[in-house]
Amino acid sequence: MANRTDPAAKSIRGTNPQNLVEKIVRSKIYQNTYWKEQCFGLTAETLVDKAMELDHIGGTYGGNRKPTPFMCLVMKMLQIQPEKDIVVEFIKNDDYKYVRILGAFYLRLTGTDIDVYRYLEPLYNDYRKLRQKSPDGNFSLTHVDEVIDELLTRDYSCDIALPRIKKRWTLESLGALDPRKSVLEDDFEEEEEKEENEQDGLEDEPAHERDYHRARSPARERERDRRHGSHRYRDRDYDKDRDYDRDRGRGRDRERDRERDRDRDRDRYRLRDEKEYGRERERDREREGRERDRRDKDRSRRRSRSRSRDRKRHARGSTSPRRHEPEDGSTWEETKKEKKEKKEKREKKEKKDDGTDHPDPEIAEANRIRASLGLKPLKL
């Protein structure tokens, strides 16, 4: 709520008055300690006391772009939007020069073109010194008339973009402003009267000398200068416009050169990236080829091993063992039959020896148990 514009405030140049300050600078002001502590709850009446405490002007300074108290008070005036009479009193204040600069800066942001020229041009005659804080945080010396000339002729002041205003000669041609009158005009008139009196004393001189002095008199030269003064101001404005257009054209050329350099660097980086990408792709293909060759060699080695094992297994299964014929001239089947019969006789003999084949089942069972225990069979 402390950062909102007064609901009764009128829009300036079709927008919120606080929007005349850039968003970044505005956010810096809202975060500043001076804004939170000293500017909270200020009104048009209490703002004067804070303005009288100012001892320097400036925009933002330091690495974090901290705003000055002058900028905070300008932001507060945009927020509460004081009456025009109060702003005019600020400008006409001769005792406090920083109060005058504060009112002039606010009027330059919010006032009309006619009011800006009407109330700020008389301040060209104020030559008092001012302390100005530069962006690096150091102080420099300036004057009131220099600040006023910056407000009337420049596009930026104190890190704020000033609204565009019409040229003075344009307003003069439209009849909205009277030609600018110098404060030394009265002194010029007094000198003209003195010169006219001196010319009266030259009436007795010869005609050719009188015409010479009359043609070269300072009064006539000042009259010619005054008559062509508006043209001189107009020529100066034309020169400023021409210089502004030339600077803007140079700025466009510089911007075009920077854009061309950026495009060239972008193309160079893209070509370098493409080359690096191509080299990486080539290395990847070589690595994949080596992996493929290694896999093929392993596969062929495994196949050769499996083939050799299959050949050995086939050779082992195809060759049957040789049967040795018995030495006594009998056949192999007869020898096998005899061995079987001998084995059966031996088993029967063993059964007879352990008593398990006894005709009495109880004795045969007892002999089996004794045989399992390792005892001699019963013999009944």
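The figures that follow rest on heavy atoms only: side chains count, while hydrogens, waters and symmetry mates do not.
Annotation: side chain of Lys339 is not in contact with side chain of Lys343 (no heavy-atom distance under 4.5 Å). Looking at Met71 and Asn32, their side chains never come closer than 4.5 Å, going by heavy atoms from C-beta outward. Side-chain contact between Gln132 and Leu141: absent, with no pair of heavy atoms (C-beta onward) separated by less than 4.5 Å. Taking 4.5 Å as the limit, some side-chain heavy atom of Val147 sits within range of a side-chain heavy atom of Ile57. The closest side-chain heavy-atom distance from Gln18 to Tyr30 is below 4.5 Å. Using a 4.5 Å cut-off on side-chain heavy atoms (C-beta onward), Met75 and Cys39 make no contact.
Of the charged side-chain nitrogens involved, none lies within less than 4.0 Å of a carboxylate oxygen, so that Asp261 and Arg258 do not count as a salt-bridged pair. In summary, Arg281 and Asp284 do not engage in a salt bridge, as defined by a charged side-chain N under 4.0 Å from a carboxylate O. A salt bridge is absent between Arg285 and Glu288; no separation between the charged side-chain nitrogens and carboxylate oxygens falls under 4.0 Å. Salt-bridge annotation for Glu259 and Arg262: present, with a side-chain N of the basic residue lying under 4.0 Å from a carboxylate O of the acidic one. Salt-bridge check for Asp126 with Arg100: passed, with a basic side-chain N closer than 4.0 Å to an acidic carboxylate O. Comment: Arg266 engages Asp263 in a salt bridge, judged by a side-chain N to carboxylate O separation of less than 4.0 angstrom. A salt bridge does not link Arg292 with Asp296: none of the charged nitrogens is closer than 4.0 Å to a carboxylate oxygen. Salt-bridge check for Glu172 with Arg168: passed, with a basic side-chain N closer than 4.0 Å to an acidic carboxylate O. The pair Glu89-Lys92 does not meet the salt-bridge criterion, since no charged nitrogen lies less than 4.0 angstrom from a carboxylate oxygen. Contact check on Asp145 versus Arg128 returns no salt bridge, with no Lys/Arg side-chain nitrogen under 4.0 Å from an Asp/Glu carboxylate oxygen.
Contact record, Pro17 with Ile12: CG-CG1, 3.9 Å, taken as the closest heavy-atom pair. In terms of heavy atoms, Leu152 sits closest to Ile165 at O-CD1, 4.4 Å. Between Arg13 and Arg164 the shortest heavy-atom distance is NH1-O, 4.2 Å. In this structure, Phe90 and Gly103 approach most closely via the heavy-atom pair CB-CA, 3.9 Å. Here the shortest heavy-atom pairing between Leu107 and Asp115 reads CD2-O, 3.9 Å. Of all the heavy atoms in Ile86 and Ala44, the pair that sits closest is CD1-CB, 3.8 Å.
Checked by atom type, the side-chain pair Thr142/Glu146 shows a donor-acceptor distance below 3.5 Å. Side chains of Ser134 and Asn138: no donor on one and acceptor on the other come within 3.5 Å. Side-chain contact check for Gln81 and Lys10: no donor-acceptor pair (N or O, by modelled atom type) lies under 3.5 Å. Between the side chains of Thr46 and Thr43, a donor-acceptor pair is found at a separation under 3.5 Å. A donor and an acceptor atom, one from each side chain of Thr5 and Gln79, are nowhere located under 3.5 Å apart.
The backbone N or O of Lys297 lies less than 3.5 Å from no partner atom in the side chain of Arg302, so there is not a single donor-acceptor pair. Proximity of a side-chain donor or acceptor of Thr170 to a complementary backbone N or O of Lys166 within less than 3.5 Å is not detected. Side-chain atoms of Arg131 come within 3.5 Å of backbone N or O of Asp55 as a donor-acceptor pair. A donor-acceptor pair is defined here as one N or O able to donate and one able to accept, closer than 3.5 Å; such a pair exists between the side chain of Glu22 and the backbone of Ala161. Judged by distance alone, the side chain of Asp159 and the main-chain N or O of Thr60 form a donor-acceptor pair under 3.5 Å.
Between His56 and Phe139, the ring-plane angle classifies as perpendicular under the 30° and 60° cut-offs.
Exactly one of Tyr106, Tyr98, Phe105 qualifies for a ring-ring contact (aromatic ring centres under 6.0 Å, His included) with Phe70. That residue is Phe105.
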Please evaluate residues Glu365 and Arg368 with respect to the criterion salt bridge (charged side-chain N to carboxylate O under 4.0 Å, His left out), reporting the C-alpha separation (whole Å), side-chain torsions for both, the decisive distance (0.1 Å), and the verdict.
CA-CA 5 Å; Glu365 182 67 25; Arg368 280 195 296 271; 2.4 Å; yes
Between Tyr124 and Asp149, does the side-chain hydrogen bond (donor to acceptor under 3.5 Å, both in side chains) criterion hold? Intermediate values first, please.
CA-CA 8 Å; Tyr124 273 126; Asp149 185 70; 3.2 Å; yes
Test side-chain contact (heavy atoms from CB on, under 4.5 Å) applied to Leu42 and Ile80, step by step
CA-CA 8 Å; Leu42 286 181; Ile80 64 178; 5.6 Å; no
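Hydrophobic clustering, with ILVMFWY side chains joined whenever heavy atoms are under 4.5 angstrom apart, groups Val99 together with Val144. One hydrophobic cluster, built from ILVMFWY side chains closer than 4.5 Å, cannot hold both Leu78 and Ile24; they sit in different ones. Ile160 is connected to Leu130 through a chain of hydrophobic side-chain contacts under 4.5 Å among Ile, Leu, Val, Met, Phe, Trp and Tyr, so both are in one cluster. Put simply, Val25 and Tyr61 are part of two different groups of oily side chains (I, L, V, M, F, W, Y) that touch within less than 4.5 Å, one to the next.
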